[in-house]
Amino acid sequence: MNTTWWKEAAVYEIYPASFKDSNGDGIGDLQGVISKLDYLKELGTDVLWLCPIYESPGEDNGYDISDYYAINPRFGTMEDFDELLKQAHQRGLKIMMDLVLNHTSDRHPWFKESRSSRHNSKRSYYIWRQGVHHLYPNNWESYFSGSVWEHDDITDEYYMHLYSKYQPDLNWDNEEMVHELYKMIRWWLEKGVDGFRFDAIAHIVKAKGYPNAENPQHLPVVQAYQLFSNLEKVHLMLRKLNDEVLMNYDIMTVGETSGLGPEQALAYVGDERHELNMVFQFEHMTLDAASAGTGKWELRPWTLLELKKIFSRWQTTLHQQGWNANYLGNHDQPRPVSRFGNATRYRVESAKMLATFMMTLEGTPYIYQGEEIGMTNAAFEEIDDYRDVETLNYYEYAKLQGKPVKDTMAAIWAKSRDNARTPMQWDAGPNAGFTSGKPWIRIHDNYMEVNTESAMKDPHSIYHYYRKLLALRKSHKVMVYGEYKLLLPLDPELYVYTRTWQEETLLVILNFSEDTPVFEWPDELDRASSELLIANYEPLRDEDHKKFKLMPYEARVYRLV
Ligand code: GLC
Ligand code: CA
């Protein structure tokens with residue numbers, strides 16, 4: 001297997017608005033990030049993924065870009081960015097940019113021109129269609145509720161937006177537009193950025209002619225993922241992007257691709273494909289590949305058996321063929337400890353167990369800000385405390401459908417993207433040390449207990465456990481490259497696997513439950529030569545070596561030589 005830096009790296013995702021405010025306007029910014037570089041280095045991360053910081057009206061917190069070449073003044077200036085890049089590099093940290101190529105803001109100059117007349121030279125930079133009998137051009141549903149089409153009075157046509165109406169989709173059939181994107185990407189690479197996360201990249205190509213999705217119940221709009229996700233031509237586009245731009249630089253790339261399984265993922269990340277280094281898949285988030293996406297509001301409960309099946313397929317299918325990106329949370333998802341662990345009684349134990357899981361899988365691990373201190377879901381009582389466009393659209397939509405408010409709020413508590421967007425909790429002081437002003441979104445109530453300052457002081461904290469895991473991953477290549485093998489596939493509480501690389505084997509034992517199941521040491525593994533690398537409980541001295549009980553959410557990693 002090819003060994004390389006981006007396989008060995010651990011990535012830390014920064015949601016700039018909520019990370020650290022340096023000037024008291026209540027919004028996190030680039031100087032704030034700079035002030036925390038030492039913190040991130042000490043934690044042991046290698047690559048910082050910055051969610052979009054480009055000029056943007058902020059209808060979707062920066063995922064609506066109005067100028068790809070400028071920094072959003074809310075976050076600072078281009079000088080601030082250059083300083084961040086320099087200071088990061090001085091510390092051996094790399095910077096990965098989040099790039100949105102599926103759509104722009106409706107305030108991007110291209111779109112302003114495009115909408116101005118049917119004959120404008122940039123008309124076909126976007127996707128315009130006439131209505132059908134005064135109705136939408138087709139029945140596709142937007143990720144953020146309602147139709148993907150918005151009527152524009154100026155030319156009496158509709159434009160397509162898979163996300164909000166402020167995010168018109170770019171037309172990748174227009175080569176001139178695509179070359180403009182290449183030029184812009186090269187410009188950032190020449191500046192010295194170390195990689196890209198390509199937002200919503202699975203959707204840049206839509207089914208030819210934009211046909212209606214099947215609609216047996218004759219609803220006004222229906223989910224139509226298959227007609228705009230992972231289509232064959234996306235691969236052509238990515239290969240061209242790679243040939244013309246990316247391959248000339250030593251960078252890392254990760255694409256956001258919902259709605260696929262590992263076999264299809266190989267089309268993006270297979271070693272021979274020359275498209276992307278890795279993709280973010282959604283099977284473990286939606287537990288249902290077919291309907292994967294960000295627009296679903298019914299958060300399906302998970303079972304460990306399902307999770308094992310999904311992760312095992314990804315681990316084995318991609319082994320020596322491609323590369324995984326492993327994550328349990330990000331700026332679009334609930335907090336992992338709230339969803340997969342226990343955010344109250346076993347917050348610390350379960351957060352450590354989940355971290356052990358992520359760091360011992362084959363692939364590059366992604367840590368979302370605050371995960372390293374076990375931040376939990378927001379669950380605000382009032383809709384007025386929410387900021388996310390997806391959440392607010394859903395609230396209005398549910399109201400129109402006559403859904404009881406308490407059901408709507410319950411869905412929002414479980415699923416809203418704002419669960420993960422509350423400000424980073426730095427200390428127990430005012431506003432959790434995030435800002436000296438009024439934060440743009442409410443701070444989580446638990447910041448007195450959950451914050452980096454107290455976590456750094458406590459040797460048993462989640463923070464120190466992450467540090468230890470990240471350090472181990474650097475000194476034990478088996479954690480990065482080892483071949484994964486699932487043990488006890490049918491155990492509903494224990495997730496157990498080995499990883500093997502050259503002479504070394506790891507045995508990972510994870511208790512995903514609040515029970516105390518008994519683990520029986522496998523005969524084929526030599527207990528006598530084993531060494532406990534890391535565990536989230538003090539090992540019990542007088543336990544039986546052959547058969548022992550695990551504590552709630554206990555995690556242990558043994559090394560066998
Ligand atoms: C991706 C981003 C999400 C954004 C959407 C539209 O899913 O992660 O935050 O709203 O794309 O750009
Ligand atoms: Ca600020």
Side-chain angles (χ1 to χ4, degrees), residues 13-36 49-54 56-66 71-77 80 97-106 108 142-145 148 160-170 196-204 225 228-229 254-259 279-282 285-286 292-296 325 327 329-333 366 368 387-394 415-421 423-424 431 434-441:
E13 182 190 355
I14 295 179
Y15 197 68
S18 299
F19 191 62
K20 172 73 185 165
D21 177 23
S22 71
N23 61 356
D25 66 356
I27 304 167
D29 46 49
L30 295 178
Q31 284 298 335
V33 176
I34 293 173
S35 72
K36 295 297 180 186
W49 152 20
L50 284 183
C51 291
I53 52 164
Y54 317 88
S56 159
E59 300 288 354
D60 187 18
N61 274 357
Y63 285 91
D64 48 327
I65 300 174
S66 54
I71 300 292
N72 188 336
R74 297 201 307 170
F75 297 143
T77 61
D80 293 326
M97 304 291 281
D98 201 328
L99 203 45
V100 188
L101 304 177
N102 179 67
H103 47 269
T104 68
S105 159
D106 63 340
H108 193 290
S142 149
Y143 276 110
F144 292 167
S145 308
V148 299
M160 185 189 285
H161 58 91
L162 294 186
Y163 295 88
S164 84
K165 64 177 178 190
Y166 309 109
Q167 295 163 293
D169 279 50
L170 286 165
F196 295 105
R197 176 236 186 215
F198 292 118
D199 183 75
I201 201 72
H203 311 309
I204 56 175
Y225 297 114
F228 54 74
S229 306
V254 52
E256 187 197 28
T257 57
S258 56
V279 293
F280 289 127
Q281 57 93 10
F282 285 72
M285 302 314 271
T286 59
T294 50
K296 282 269 286 191
Y327 74 97
N330 60 36
H331 66 287
D332 292 330
Q333 300 292 343
Y366 287 74
Y368 177 66
R387 298 287 175 269
D388 168 32
V389 60
E390 183 189 41
T391 305
L392 301 176
N393 279 4
Y394 170 68
K415 173 96 168 52
S416 169
R417 305 193 299 179
D418 281 340
N419 277 318
R421 296 180 181 183
M424 188 62 190
N431 293 320
F434 163 68
T435 179
S436 58
K438 187 176 170 341
W440 71 278
I441 185 172

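One-based numbering, in listed order, for ligands and for the atoms of each. Values below: every heavy atom of this structure, side chains too, minus hydrogens, waters and symmetry copies.
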* To do: Would you please say whether a donor-acceptor pair under 3.5 Å links the side chains of S229 and H203?
  => yes
* Does the side chain of Y63 pick up a donor-acceptor pair with the side chain of D98 at under 3.5 Å? -> yes
* Asked: Under 4.0 Å from any heavy atom of D332, which atoms of ligand 1 are there?
  -> 1 (C), 2 (C), 3 (C), 7 (O), 8 (O), 9 (O)
* Residue D29 atom name (nearest to the Ca ion (ligand 2); N/O/S) -> OD2
* To do: Using only N, O or S atoms, tell me which atom of D21 is closest to the Ca ion (ligand 2).
  => OD1
* Which atom of D25 approaches the Ca ion (ligand 2) most closely (N/O/S) -> OD1
* Y366 and N330, any side-chain heavy atoms less than 4.5 Å apart -> no
* May I ask you to list the atoms of ligand 1 that are less than 4.0 angstrom from any heavy atom of D60? => 4 (C), 6 (C), 10 (O)
* To do: For R197 and ligand 1, answer yes if some heavy atom of the residue is under 4.0 Å from a ligand atom, otherwise no.
  => yes
* Asked: Are S416 and N419 close enough that a side-chain donor and a side-chain acceptor fall under 3.5 Å?
  -> no
* Asked: Counting backbone and side chain alike, does N23 bring an N/O/S atom below 3.0 Å of the Ca ion (ligand 2)?
  -> yes
* Between F75 and Y54, does the ring centroid distance fall short of 6.0 Å? -> no
* Atoms in ligand 1 with a heavy atom of H103 nearer than 4.0 Å -> 6 (C), 12 (O)
* Does a donor on one side chain sit under 3.5 Å from an acceptor on the other, for Y15 and N61? -> yes
* Asked: Without hydrogens or angle criteria, can the side chains of S22 and D29 be said to hold a donor-acceptor pair below 3.5 Å?
  -> yes
* Assess R417 for proximity to ligand 1: is some non-hydrogen atom of it under 4.0 Å away? => yes
* Atom indices of ligand 1, in the order listed, that fall short of 4.0 Å to a heavy atom of F144 -> 10 (O)
* Asked: Can an N, O or S atom be found in I27 less than 3.0 Å away from the Ca ion (ligand 2)?
  -> yes
* Asked: Do we see a donor-acceptor contact under 3.5 Å between the side chains of D80 and Q31?
  -> yes
* Do D60 and R417 touch side chain to side chain, with heavy atoms closer than 4.5 Å? -> yes
* Is the closest heavy-atom distance from Y143 to ligand 1 below 4.0 Å? -> no
* Structure fact -> In terms of its nearest heavy atom to atom 7 (O) of ligand 1, the top option of R421, E59, H161, E256 is E256
* Asked: Which bit of Y15 is near ligand 1, meaning a heavy atom under 4.0 Å away: side chain, backbone, both or neither?
  -> neither
